[in-house]
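These numbers come from a predicted model, not from an experiment.
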Amino acid sequence: MPVQVIDGAPETLLPSHLQKVDLKYLQMGCDQANKYFQGTVILSYPLTKLGNGTEFFKIVLQENSCSKTSTINVLFFGRLADDCGKVVHQGDTMVVAGFNVAKSPSANEDDRHCCHLEVAEDAGSTPVAPKYTYTPLNHLQGGTIVNLYGAVKFFKPPYISKGTDYCSVVTIVDQSNVKLTCTLFNGNLDALPKIYKIGDIVRFHRIKIREYNEQMQGITGIGFASLTFDGTVGAPIVPRTSSKLYSFTEEEQKTIEELRMWAASNLSVCGPTAKLSGVQPMLFFDLTCQLVGKAEVDGSSFLLKVWDGTKCPYPSWKVLVEESDLEGDKVLIHRLRNLIVDILVYDNHVKLAKSLKVESFLRIYSLHTKQASAENQPDVSYVEFHLHGGTCYGRGIRVLPENNPDVKELKAFMDSVNLTESQNVESMSSVELDVIVSLLNSLYFYCFTVLTDHQHLDDTALNTILNSAVPQQYRIRAKLRTFKPQKLYQSVKLYCSKCNSLQEVPDGDDFDLILRDCAATAPNPEVHNSLWYHSAVWDTENQGQRKIAVHFVKHDELLQEPEDTLIMVQGGTLKEIRKLSRRFKCIIPVRSTKEDLELLDLSAPFLLQGKIWHYGCKQCSNQKTIQSLSSLAEEEPSWEPTEIARVLGIEPLQYVFVMKFTLDDGTGALDAYLFDYEKFFQIPASEVLTSSLLQEKMEMIMKILCPPGTKLDDLPWLECCIRSYNVKDGMEQQVCYQIFDTMVAEDVI
DNA sequence: TTAGGTTTTG
């Protein structure tokens with residue numbers, strides 16, 4: 001006869017001739033045919049096979065008395081072992097009859113009864129275990145041990161308690177609309193319910209009910225076991241459990257379906273989940289993500305680098321750590337740098353965070369996004385991600401298994417992410433940048449800029465400079481608290497050294513308009529071909545009457561190779577001129593009058609050399625005829641822009657960086673202007689607007705000199721030469737400062 | 001034993 005699982009007290013099913021035996025009277029040699037033993041399963045071992053292939057199952061039963069030898073080993077053999085192994089659980093009450101009593105070989109070691117019970121089916125044994133009945137939550141009574149079903153209304157993912165165990169707090173509710181908060185402890189994380197979401201359905205076996213603060217409370221006791229199910233209506237009913245052996249009936253499937261339906265309309269399941277792309281500052285939300293890097297920051301905080309395939313719409317902070325402290329695939333971290341966010345976890349979460357495996361999928365509950373801006377750059381704000389200490393509101397971290405539906409969806413999405421789309425702007429990863437800054441910063445005497453002259457000067461404190469007579473030159477050591485403009489391309493201006501005027505760099509659209517205007521007038525054939533240039537005219541297809549004339553400047557009456565040739569172009573579009581500038585050394589856009597070719601208005605560049613457009617000062621230029629160029633053509637022409645400008649009577653404008661640096665050395669702070677053609681950044685101002693590579697390089701340098709989100713104390717030191725000078729502003733005299741003879745240190749570049 | 005739901009202030 002197989003194991004019987006019955007409702008209510010198992011002994012009521014027993015034949016009346018059977019007598020209960022006490023462990024203290026149990027001994028070998030006595031007839032056990034009319035005896036039965038009843039106890040609670042306090043331990044069950046995994047089902048195994050003996051050497052001869054017989055199934056074997058061992059449990060420990062505890063008698064409900066307090067004598068010293070109140071526990072006994074019970075061994076099951078054959079099919080009975082198999083049956084018992086499937087239904088018997090720790091904490092169950094069990095009745096065994098038809099057993100043999102034999103000497104326990106392990107009595108000396110396990111301190112249990114000196115005999116053990118052997119039960120095999122052929123001996124007519126009929127062990128019985130109680131069938132599970134489930135108590136509705138409105139029928140709970142203190143001091144009982146019950147089995148429950150419920151939908152999860154609230155939960156704290158397992159966290160390391162202050163004692164020896166993991167703890168998880170779970171509030172469940174059922175159709176009676178009564179809720180029960182359960183405090184579950186276990187030294188084994190896997191033994192706690194695997195709840196991932198509000199709305200999951202749980203089944204608890206053998207949970208203790210007691211009263212606390214005038215409310216019922218559930219708490220783990222001996223033999224507690226749980227199953228967790230996805231709460232989605234219609235989802236497959238697959239229990240999440242660490243136990244390989246558990247009972248599960250069709251009737252229970254029905255219970256789950258009913259609870260799912262009930263919860264769907266009675267429980268607000270829509271938790272605050274969000275993708276990184278939907279992050280809002282000042283928000284608590286649950287993030288499902290993959291861990292790509294982790295690092296210890298200090299004793300009370302730990303860094304997790306995660307991504308979810310989407311891009312956070314705000315700049316997010318980067319937490320500074322030593323490269324050697326960062327665990328994770330550096331290449332991957334670099335590749336994902338624009339999608340990764342840094343999360344700092346604090347206090348009680350640190351220990352769990354440390355144990356997380358890189359590459360694992362996580363759900364981080366009640367993650368806090370906080371908007372902040374740096375002390376030194378108040379106009380630049382960024383988002384910080386914090387998992388604060390404590391477990392309020394279910395704050396915590398849970399590892400999701402690979403087969404979790406949300407993880408599957410996340411993986412599929414991550415696989416489809418096109419990384420090139422998100423890798424704009426920065427050419428260097430923030431990790432690399434952070435490493436450079438932290439390494440160099442750790443050297444107290446390291447300066448991120450160096451002097452190109454005046455090394456003999458001693459450092460002067462900024463407060464001394466502020467109180468000194470003007471003009472003077474100084475050597476200083478200070479930190480770059482902030483700078484303007486923050487958009488670096490805005491720092492490039494055009495400067496006339498003759499009238500000292502500064503102007504914005506015209507953009508391509510202005511030039512395009514001028515070119516279109518010129519193209520409206522057809523080239524005059526009378527001015528084509530001369531002693532010093534050869535002309536060619538092309539018709540444009542499908543563009544009405546537009547003609548393009550190109551005048552190739554000759555040397556010694558001969559044409560030169562295109563890469564050495566200056567051409568004058570009339571009627572071309574911006575696109576065509578750009579194309580020609582890739583092939584020919586120099587281009588001068590022209591138009592034709594009745595008598596001659598002439599330069600365009602000085603709002604347009606007078607000369608294009610590769611990607612560099614040269615402009616002239618409208619105020620200081622005194623334009624000469626285009627014929628003046630012939631004098632240059634006679635010589636061996638090198639087509640230097642300054643020479644071309646000179647013969648054409650143009651005062652050339654120079655590209656410069658103009659920036660305002662707020663410097664602070666602790667004694668005082670002052671604004672100093674940086675006025676630089678190329679020397680300071682080692683980047684020509686004339687090329688930066690047309691080179692994304694140079695823009696990225698400049699951006700990186702500024703990030704190193706003035707890392708966003710860094711406190712003044714942690715900013716790197718700069719060494720500079722500055723000069724003070726007076727500026728007249730109407731009647732007022734103003735003192736200004738300018739950086740000179742200084743450049744960014746080579747290590748930084 | 002631990003925690004016993006109800007957001008840190010980094």
Side-chain angles (χ1 to χ4, degrees), chain A residues 140 142 150-173 178-189 191-193 195 197-200 202 207-222 224 267-268 271-274 280-287 295-304 316-321 342-353 364-375 382-398 709-711 713-714:
Chain A
L140 295 176
V152 175
K153 187 177 160 48
F154 167 82
F155 71 104
K156 291 185 175 183
Y159 57 94
I160 300 165
S161 76
K162 285 178 185 153
T164 57
D165 292 330
Y166 285 97
C167 177
S168 182
V169 174
V170 183
T171 302
I172 57 172
V173 60
V178 169
K179 54 177 192 168
L180 176 76
T181 298
C182 306
T183 309
L184 312 174
F185 294 105
N186 204 299
N188 175 12
L189 181 69
L192 290 172
I195 299 164
K197 271 185 186 167
I198 306 272
D200 280 351
V202 289
I207 184 156
K208 266 199 271 186
I209 303 298
R210 64 185 191 193
E211 222 174 284
Y212 175 76
N213 277 352
E214 296 168 2
Q215 278 199 314
M216 289 301 166
Q217 178 196 50
I219 191 151
T220 40
I222 191 163
F224 171 82
L267 207 64
S268 74
T273 59
Q280 295 292 322
M282 303 303 286
L283 189 82
F284 289 89
F285 70 108
D286 298 346
L287 178 69
E296 185 152 5
V297 178
D298 56 50
S300 68
S301 63
F302 195 84
L303 170 67
L304 299 180
S316 70
W317 70 343
K318 292 296 165 201
V319 178
L320 227 69
V321 289
D342 284 3
I343 298 173
L344 266 192
V345 310
Y346 298 94
D347 308 335
N348 55 313
H349 307 296
V350 169
K351 213 167 156 190
L352 194 117
I364 302 177
Y365 298 92
S366 209
L367 181 61
H368 186 199
T369 53
K370 190 175 165 187
Q371 193 161 30
S373 55
E375 197 178 301
Y382 55 89
V383 173
E384 300 177 347
F385 292 86
H386 302 270
L387 185 72
H388 297 294
T391 61
C392 295
Y393 274 84
R395 202 184 297 129
I397 306 171
R398 168 115 230 182
T710 310
K711 288 179 189 154
D713 275 354
D714 299 329

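Atom-to-atom, NZ of A:K156 to C1' of B:dT7 comes out at 11 Å; the value is rounded to the nearest Å. If you take OH of A:Y365 and C1' of B:dT7, they are 16 Å apart, rounded to a whole angstrom. A:F302 places its CZ atom 21 Å from the P atom of B:dG10, with the value rounded to the nearest Å. For the pair A:Y393 OH and B:dT9 P, the computed distance is 16 Å after rounding to whole Å. As a whole-Å value, the separation of A:Y212 OH from B:dA3 P is 11 Å. Rounded to an integer number of Å, the gap from CZ of A:F155 to P of B:dG5 is 16 Å. Between A:I198 atom CD1 and B:dT6 atom P the separation is 14 Å, expressed in whole Å. B:dG10 atom P lies 12 Å from atom CG of A:L344, rounded to whole Å.
The shortest side-chain heavy-atom distance between A:L184 and A:I207 falls under the 4.5 Å cut-off. In this structure, A:N186 and A:T220 have side chains that are not in contact, with every pair of non-hydrogen atoms separated by 4.5 Å or more.
Annotation: proximity of residues 161-170 of chain A to DNA chain B (heavy atom, distance under 4.0 Å) is found for A:S161, A:K162, A:G163, A:T164, A:D165, A:C167, A:V169, numbered in ascending order.
Between B:dT2, B:dG4, B:dT8, one nucleotide has an atom nearer to the side chain of A:R210 than all others, and that is B:dG4. Nearest to the side chain of A:F185, among B:dT2, B:dG5, B:dT7, sits B:dT2. Counting only heavy atoms from C-beta on, A:K370 has its side chain closest to B:dG10 among B:dA3, B:dT7, B:dG10. Checking B:dT8, B:dT7, B:dG4 against the side-chain heavy atoms of A:H388 singles out B:dT8 as nearest.
With its glycosidic angle within 90° of 0, B:dT6 adopts the syn conformation.
Aromatic ring pairs are classed by plane angle as parallel below 30°, tilted from 30° to 60° and perpendicular above 60°; the pair A:H388 and A:Y346 is parallel. In this structure, A:Y365 and A:F155 have perpendicular ring planes: the angle between them is above 60°, well past the 30° mark.
The residue A:Y159 sits close only to the backbone: its heavy atoms come under 4.0 Å of sugar-phosphate atoms, none of a base. Using a 4.0 Å heavy-atom distance criterion, A:I219 is classed as a base contact. At the heavy-atom level, A:N213 lies nowhere under 4.0 Å from the strands shown. Within 4.0 Å of A:T171, counting heavy atoms only, lies at least one base atom of the nucleic acid. Residue A:G394 is out of contact with every strand shown, counting any heavy-atom pair closer than 4.0 Å.
For the pair A:L267 and A:A151, the tightest heavy-atom approach, listed with the atom from each and the gap, is CD2-CB, 4.1 Å.
The phosphate of B:dG5 has neither OP1 nor OP2 within less than 4.0 Å of any side-chain N or O from A:K153. Between A:K179 and the phosphate of B:dG5, there is no side-chain N or O to OP1/OP2 separation shorter than 4.0 Å.
Heavy-atom distances to DNA chain B give each of A:L387 and A:E211 a nearest nucleotide, and the one nearer the 5′ end belongs to A:E211.
Stacking between A:Y346 and the base of B:dG10 is present: ring centres sit under 5.5 Å apart and the planes differ by under 30 degrees.
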Identify each donor-acceptor pair in which a side-chain atom of residues 160-173 of chain A lies under 3.5 Å from a protein atom, sequence neighbours left out, and give them as a table.
{"from": "A:S161", "atom 1": "OG", "to": "A:G163", "atom 2": "N", "distance (Å)": "3.1"}
{"from": "A:S161", "atom 1": "OG", "to": "A:D165", "atom 2": "O", "distance (Å)": "2.7"}
{"from": "A:D165", "atom 1": "OD1", "to": "A:G187", "atom 2": "N", "distance (Å)": "3.2"}
{"from": "A:S168", "atom 1": "OG", "to": "A:K156", "atom 2": "O", "distance (Å)": "2.8"}
{"from": "A:T171", "atom 1": "OG1", "to": "A:T181", "atom 2": "OG1", "distance (Å)": "2.9"}

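Inspection of the A:Y159 and A:H349 side chains reveals no N or O donor paired with an N or O acceptor under 3.5 Å.
Residues meeting the ring-ring contact (aromatic ring centres under 6.0 Å, His included) test with A:F302, sequence neighbours left out: none.
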